[in-house]
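The structure appears right after this line, and notes come after that.
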Amino acid sequence: MIPSSLISAIASELKDAPETAAITITKNSHGYKVERYDTTPPAESVSRSIEYLKECFGVERLQRICKKPDISLNASEIESNTLILTKTVMRNILIGVGDVQKADYDEVAQLPPTERHQRLFPFASSMKSLTDALLGAAPKISDFFIDRASSSGKGIKGLIERIFLSLNLQLNLNRNQDNLQKNDYIIAETITSQLADREWQEKSLIQLGTATQPKYYYVDKVLIKGGAYISILKDVDGTEPPKIICRGTAARPSSTDAINSLLNDLLIEIGMKGVKAVWPELVEYLNANEIKSVELYGKSMGGAQALALSVLLEGVLNVHVDCLTTYCSVQAGYAVEIFNREILGKRTEQDPFQIVVLRNGGKENETDNVPIVGGLHLGADAPQNKCNVSVVYLQQGQEGEQVDVLPLEMGIFSRIFRFFKSFPGPHCRQSTLDNFNFKKLEPAEAQQHLRVGLIFEKCRLFLAYAIHLLTFTLFNGQFFSEFYSEQKAMASSKVTSGISPVEFVSPT
């Protein structure tokens, strides 16, 4: 067990101390006691302190923490009990404890739920407990309301941000545990925007349930190619469908595959460069793991990729998409016709295609203006008995405050002016980090908002085709309809040939 009293005592001694200050840990019948040294502690005290840390955190977990690239502690000094617990060392150890991994879960999986959770998430009681434990290195909640994710999850700063956001997710889910719909929106925004932009590492663990009904997921696979950055989350029990999460545009210098990510926005069919590039690896993963159903999530440009992938998954692989959730997404009008013909034709009233469209509300430039790009959203004009679409606007504020939605009555020039005026700022405003309200549109109004992408589409296509011609028609490559038909033909041929579907994936 990792006693919270020990972490509090360490934080109390070191919070305002210089970086060179160190602590020692002793133990008596009342528990652990922490003592601070401004000079080098005695060797015997250092050795005893490491033994108590191993006792509390676990020997293997301490070793894993030391080996994390962003932590970089000396594992041999842990083994030999000679590591001096300076403020810098203790901060890094506590950061490592907060960065929970699948291996950490496996070690405690057989423990009772309450004890297991305490071992995994010793800071889970409050945000203050985490802030104190990280000895002044934790960010402020206000730092994330307009999210630029400048670290892209890299280094100690990015690691701390992921820990901070994961804990905030837990606290928000617990606070809203009686409102399952609200919790779904919190999860969707957190995993698509707050955490996906900070580039989850494989085997990272996250809780996507409440304290009374915890659900643990881990990043089983990350696919990076052609500007697509896709994280696949699996639940630890293997009973829930995996969550496939498509990151949005990440043009920051710190982002992985940043340039290709940006280039996807300039295509005639937004996001298709990444979709085509990552598709073979995704097919291989799904087949190797015998996955028959998934949930799809995507933010911004990644929303367009999620829309296109949902059509490919169901139409080519017969993988059932349990739900498609987009957040502040551009549209993928190029996939709508195939979706209506190929996917909805197989759906029934008992099993309609489920789509949740989340957007940020707010006045003037606070409203998410990106959805006016890309044409139609999937589900536009689809029969309700075959496709169940929810359009929901989220807005930070105290309970009961009005939620402002994207106005539809603006003229084209006003719309273009507003779009470019808001473009330099982030369009994902992290509404669910704190108190927020939501407005779910009625079906008729929702259909109007699914079509809002047509407003700006002619202007965007003019620019996209100009780039297409200037690059001698090589920039866009194969278009979605052709790619879909090719992949479907190849997948169909394996039924008669008996060859694995993976072997039929085109490298195009």
Side-chain angles (χ1 to χ4, degrees), residues 192 246 248-249 264-275 296-311 324-340 343-344 353 355-362 365-382 387 389-394 404-423 426-428 439 441-465 467-468 476 479-481:
T192 61
C246 303
T249 304
N264 274 270
D265 289 324
L266 305 178
L267 299 173
I268 295 170
E269 297 179 341
I270 298 174
M272 268 306 293
K273 179 179 176 66
V275 169
L296 267 170
Y297 294 80
K299 166 207 167 186
S300 192
M301 181 272 293
Q305 292 178 334
L307 294 169
L309 285 173
S310 69
V311 177
L324 166 65
T325 302
T326 62
Y327 172 62
C328 296
S329 174
V330 295
Q331 320 308 306
Y334 55 84
V336 170
E337 182 182 351
I338 296 175
F339 173 76
N340 290 341
I343 310 306
L344 295 187
F353 196 97
I355 301 176
V356 179
V357 181
L358 300 178
R359 295 172 178 170
N360 280 136
N365 296 329
E366 292 183 4
T367 307
D368 181 16
N369 287 283
V370 165
I372 71 169
V373 173
L376 297 174
H377 195 289
L378 291 194
D381 300 328
C387 187
V389 187
S390 298
V391 177
V392 182
Y393 281 84
L394 313 176
D404 297 294
V405 305
L406 187 69
L408 302 180
E409 67 279 0
M410 298 180 75
I412 181 63
F413 294 108
S414 297
R415 179 73 67 190
I416 293 173
F417 174 77
R418 180 171 175 164
F419 175 79
F420 282 107
K421 185 179 179 181
S422 67
F423 196 75
H427 66 97
C428 300
K439 181 177 181 179
L441 303 183
E442 295 297 325
E445 187 179 7
Q447 283 295 325
Q448 290 181 295
H449 283 254
L450 293 175
R451 300 176 63 83
V452 74
L454 294 171
I455 295 174
F456 193 54
E457 188 62 356
K458 289 183 179 179
C459 297
R460 188 196 70 82
L461 284 175
F462 176 82
L463 295 173
Y465 272 106
I467 294 172
H468 183 57
N476 285 276
F479 286 90
F480 181 75
S481 58

| task | Look at atom OH of Tyr465 and say whether more than 12 heavy atoms of other residues, nucleotides or ligands are closer to it than 6.0 Å. | result |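 Atom OH in Tyr465 is not crowded, with 12 or fewer foreign heavy atoms closer than 6.0 Å.
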| said: For Glu337, is the CD atom crowded, meaning more than 12 foreign heavy atoms sit under 6.0 Å from it? | reply: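 Not buried by this count: 12 neighbours or fewer within 6.0 Å.
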Would you mind reporting whether [Y] and [X] have side-chain heavy atoms less than 4.5 Å apart?
X	Y	answer
Tyr327	Asn360	yes
Leu378	Val336	yes
Leu441	Arg359	no
Val391	His377	no
Leu408	His449	yes
Asp265	Ile270	yes
Thr192	Thr325	no
Val357	Ser329	no

Minimum heavy-atom distance [X]-[Y], with the two atoms named:
X	Y	answer
Val311	Phe339	CG2-CB, 3.9 Å
Cys428	Lys299	SG-CE, 3.3 Å
Tyr393	Leu406	OH-CB, 3.3 Å
Gln331	Leu376	CB-O, 3.3 Å
Gly302	Cys246	O-CB, 3.2 Å
Gly271	Gln305	O-NE2, 3.2 Å

Inter-residue atom distance [X].[atom1] - [Y].[atom2], 0.5 Å rounding:
X	Y	atom1	atom2	answer
Leu267	Arg460	CG	CZ	8.5 Å
Thr326	Tyr297	OG1	OH	11.5 Å
Phe480	Ile338	CZ	CD1	5.0 Å
Ile372	Glu457	CD1	CD	10.0 Å
Leu307	Tyr334	CG	OH	7.5 Å
Leu324	Phe353	CG	CZ	5.0 Å

| request: Run through Thr367, Asp368, Asn369 and flag the one making a side chain to side chain donor-acceptor pair (under 3.5 Å) with His427. | output: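 One option only clears the test, and that one is Asp368.
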| said: Please check this pair: side chain of Gln447 against backbone of Ala382, looking for a donor-acceptor N/O pair closer than 3.5 Å. | reply: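 No; zero donor-acceptor contacts below 3.5 Å.
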